[in-house]
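Notes follow the structure.
Here the structure is a predicted model, which means the values were calculated and not measured.
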Amino acid sequence: MTDQPSIDAVLDELADEFDLLGDWEGRIEYVIELGKELQPLPDADRIDANKVPGCAAQVWLAIRPAGDRLSFFADSDSAISKGNIALLLRLYSNRTPDEILGFDARAALDRLGLPSALTRQRANGLNAMVGRIREEAEVYRSR
């Protein structure tokens with residue numbers, strides 16, 4: 001139905017990009033750059049119901065189902081959190097609930113080396129973002 005590359009292909013692409021960056025400073029800078037590329041989130045989506053709990057920064061995540069796929073839109077008031085959610089949207093947006101739930105996010109993030117490059121608080125926030133995406137996929141899968 002879509003010409004979108006598989007979620008594993010997107011992960012491979014991200015891993016290649018991260019490998020080229022070398023040190024953690026370069027990788028974190030790249031994550032921040034990803035965040036700068038996010039489309040602005042409409043004010044109507046900046047509501048408490050869309051806030052991701054467990055993040056030190058404010059992170060909003062809006063979901064728009066389109067047929068059997070879920071598209072995600074997000075923003076944050078923190079550059080690193082915004083970059084982290086942009087990276088997750090690159091992996092997860094416009095996927096079916098089954099694709100989302102069948103993907104091992106923890107292994108993917110470990111492969112990119114993100115959790116070890118972040119403070120514990122930011123790594124917890126990243127896990128909270130993944131958790132929220134997975135929760136939404138569960139809701140839509142059961143419909």
Selection residues 104-143 - residue pairs positive for ring pair (Phe, Tyr, Trp, His ring centres under 6.0 Å), sequence neighbours left out: none
query: For residues 66-121, which residue pairs qualify under ring pair (Phe, Tyr, Trp, His ring centres under 6.0 Å), counting only residues two or more places apart or in two chains?
result: Y92-F103
Any side-chain hydrogen bond (donor to acceptor under 3.5 Å, both in side chains) involving [range]? Give me the pairs, sequence neighbours left out, ordered by first then second residue.
{"range": "residues 30-40", "answer": "E17-Y30, Y30-R90, E33-K36"}
{"range": "residues 46-58", "answer": "R46-D75, K51-Q58, Q58-D77"}
{"range": "residues 102-115", "answer": "D12-R111"}

Just to verify, what does [X] make a side chain to side chain donor-acceptor pair (under 3.5 Å) with, not counting sequence neighbours?
{"X": "S93", "value": "none"}
{"X": "D98", "value": "R141"}
{"X": "R132", "value": "E136"}

message: Going by the rule side chain to side chain contact (heavy atoms under 4.5 Å, CB included), which residues pair with A86 if we only count those two or more places apart in sequence or in a different chain?
response: L34, L38
- request: Report, as yes or no, whether the 6.0 Å neighbourhood of atom CD on E13 holds more than 12 heavy atoms from other residues, nucleotides or ligands.
  value: yes
message: Starting from I47 and following side-chain heavy-atom contacts under 4.5 Å between hydrophobic residues (I, L, V, M, F, W, Y), which residues can be reached?
response: none
message: Would the distance check show the side chain of R27 and the main-chain N or O of F18 forming a donor-acceptor pair, the cut-off being under 3.5 Å?
response: yes
message: Please list all pairs meeting salt bridge (Lys or Arg N to Asp or Glu O under 4.0 Å) that have one or both residues in residues 115-126, counting only residues at least two apart or in different chains.
response: none
